[in-house]
Amino acid sequence: MATRQTNLALLLALLGALATGVAAFAVGTGWVLWVVIAHGVLGLCVVVLAPWKSAIAAGGIDRRPAASTWPSIVLGVLVVVTVVSGVLRTAGVVRSYGPLTDMQVHVGAAVAAVPFGLWHVVKRGPRPRRRDLSRRNLLRAGAVVGTTGLLYLALEGVWRLLSLAGGDRRATGSHDRGSHDPSAMPVVQWFDDRVQHLDVAAWELAVVAADGTAKTWSYGEVAAADDRITATLDCTGGWFAEQDWEGIRLGRLLGDLGTARSVQVISATGYSRRFPVRDVSGLLLATRLAGEQLSAGHGAPVRLVAPGRRGFWWVKWVTRIELSQRPWWLDLPFPIT
């Protein structure tokens, strides 16, 4: 494959892998399987293109001074770390690298590669041309994608043949960690949050209607409810756990939503997520997990259970709920803090 076509194909594969990786974090059910498959196939495209790219890189290093090649070398190393850690994480054979989890290494290397990738594109990236869409180039691209797809299927077969954890992972790519065993379920929270140890006796839930009127609920009033659902907490950290949750359905607690278009659930830490009102009936404010009172690490006194959404939507240590006429989609798809 020619130098130009190789570089262009590699650029498109890396951009596609980055985009599908972000999308896989945002989607919890349904078509997430196709997003994850696309992410895996695009990531493996890098492996298929590696022989051609290594020859190009070797020639470039010989011709250029070291001062102008080190960013490209760093980019190459980070891409290799991203792909290798992704394959090992998918197989389920490595869960951590010292203090870092497998997902932290995979995502961290990908994020670190972005500025170096931008530099490489600006300095040496191929500029699109009309002839790039020639029949020959499209056939070559199809051959690369087809080969990569076969490699993806082969790896899936290997995970199952060897009975590796990767053979039983969820559609999102997550591995089982503590299903129906709360003590084995990891305790994690979003970035700068820390586990909150709230006084149950003093805890209150403030509910603010769209017109500004407010009502408070004590822990005893919320915990007296006995609504139950079995739902899977699927964390973007790469694990999932199916559990039996008990508490009160948010729709029953809120009652008439009036003119509200969205519902914002807010934590004692200030962390929050906004939901469309159509989702309210499926949400649960949980006070118990597997028949026992929630632990602080799992969100006590009250946490949100949001079936079908990734873990960062499951707000812990809930203290406030606000109904609003603001559309839910105006909020960022991922929380900043």
Side-chain angles (χ1 to χ4, degrees), residues 21-22 24-28 95-108 110-112 172 174-175 177-178 182-208 217 219 222-223 231-241 243 245 247 250 262-275 279 283-290 292-322 324 326 328 330-337:
V22 172
F25 272 5
V27 184
R95 288 190 173 180
S96 63
Y97 301 85
L100 300 177
T101 67
D102 53 356
M103 185 62 82
Q104 286 172 333
V105 171
H106 178 62
V107 175
V111 172
T172 57
S174 298
H175 297 273
R177 294 281 300 278
S183 63
M185 186 171 71
V187 171
V188 296
Q189 45 277 331
W190 193 256
F191 290 128
D192 56 348
D193 270 0
R194 295 293 181 269
V195 173
Q196 303 295 298
H197 297 272
L198 305 180
D199 183 359
V200 172
W203 178 90
E204 286 186 334
L205 174 67
V207 178
V208 182
W217 298 72
Y219 177 77
V222 175
T232 300
L233 173 55
D234 194 330
C235 181
T236 51
W239 58 268
F240 76 88
Q243 306 288 0
W245 307 88
L250 191 55
S262 66
V263 175
Q264 186 177 22
V265 182
I266 305 170
S267 169
T269 66
Y271 180 91
S272 68
R273 288 276 80 196
R274 187 182 299 276
F275 298 82
D279 285 4
L283 302 176
L284 179 83
L285 287 179
T287 56
R288 297 178 296 280
L289 172 58
E292 300 293 332
Q293 186 175 1
L294 286 173
S295 66
H298 288 147
V302 174
R303 77 168 301 162
L304 185 69
V305 174
R309 291 184 179 269
R310 300 303 295 270
F312 63 87
W313 290 89
W314 296 44
V315 182
K316 292 182 176 181
W317 314 297
V318 176
T319 58
R320 187 177 179 88
I321 297 174
E322 295 182 358
S324 172
R326 176 187 175 93
W328 72 277
L330 285 180
D331 282 14
L332 295 173
F334 297 101
I336 299 302
T337 181

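These numbers were taken from a predicted model, which means no experiment stands behind them. We're numbering straight along the sequence, starting at 1.
- Within the 4.5 Å cutoff, no side-chain heavy atoms of Trp313 are placed close to those of Val265.
- Asp102 and Tyr97 make their closest contact through CA-CE1, 3.9 Å (heavy atoms, listed as atom of the first residue, atom of the second, distance).
- Aromatic ring orientation, Phe312 versus Phe334: tilted (interplanar angle from 30° to 60°).
- Scanning both residues, Ala300 and Leu198, for their nearest heavy atoms gives O-CD1, 4.3 Å.
- Val318 is listed as a side-chain neighbour of Leu205, based on a closest heavy-atom distance under 4.5 Å.
- What you find for Pro335 and Tyr271 is that their closest heavy atoms are CG-OH, 3.4 Å.
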query: Should Ser267 and Thr319 be marked as a side chain to side chain contact (heavy atoms under 4.5 Å, CB included) after you check the CA-CA gap, both sets of side-chain angles, and the distance that decides it?
result: CA-CA 6 Å; Ser267 169; Thr319 58; over 6 Å; no
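- Within the model, atoms CE of Met185 and CZ of Arg177 stand 11.0 Å from one another, a figure rounded to the nearest 0.5 Å.
- Annotation for Val315 and Ile266: closest pair CG1-C, 4.2 Å, computed over non-hydrogen atoms.
- In the model, Gln264 has a side-chain atom that pairs as donor or acceptor with a side-chain atom of Arg274 under 3.5 Å.
- A distance of 9.5 Å separates OG in Ser96 from CD in Gln104, rounded to the nearest 0.5 Å.
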task: Evaluate side chain to side chain contact (heavy atoms under 4.5 Å, CB included) for Gln196 paired with Thr269, printing each intermediate quantity in order.
output: CA-CA 8 Å; Gln196 303 295 298; Thr269 66; 3.6 Å; yes
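- Within the 4.5 Å cutoff, side-chain heavy atoms of Phe275 are placed close to those of Leu304.
- Between Arg273 and Trp328 there is no side-chain heavy-atom pair separated by less than 4.5 Å.
- Side-chain contact between His298 and Val187 is present, with at least one heavy-atom pair separated by less than 4.5 Å.
- Within the model, atoms CD of Gln189 and SG of Cys235 stand 10.0 Å from one another, a figure rounded to the nearest 0.5 Å.
- Closest of all the heavy-atom pairs between Thr236 and Trp190 is OG1-CZ3, 4.3 Å.
- Annotation: side chain of Leu250 is in contact with side chain of Ile321 (closest heavy-atom distance under 4.5 Å).
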message: I'd like to know whether Trp203 forms a side chain to side chain contact (heavy atoms under 4.5 Å, CB included) with Val302, so could you lay out the CA-CA distance, the side-chain angles of the two residues, the decisive distance to 0.1 Å, and finally the verdict.
response: CA-CA 9 Å; Trp203 178 90; Val302 174; 3.6 Å; yes
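- Across all non-hydrogen atoms, the minimal contact from Leu284 to Gly247 is CD1-C, 3.8 Å.
- Under the salt bridge (charged side-chain N to carboxylate O under 4.0 Å, His left out) criterion, Arg326 pairs with Asp331, not counting sequence neighbours.
- Looking only at distances, a side-chain donor or acceptor of Arg288 sits under 3.5 Å from a matching main-chain atom of Ala223.
- Inter-residue side-chain proximity for Trp314 and Trp245 is flagged as met; some heavy-atom pair is nearer than 4.5 Å.
- Listed by first and then second residue, the salt bridge (Lys or Arg N to Asp or Glu O under 4.0 Å) pairs that reach into residues 299-310 are Asp234-Arg310, Asp279-Arg309, sequence neighbours excluded.
- In this structure, the side chains of Glu322 and Val263 stay at 4.5 Å or more apart for every pair of heavy atoms.
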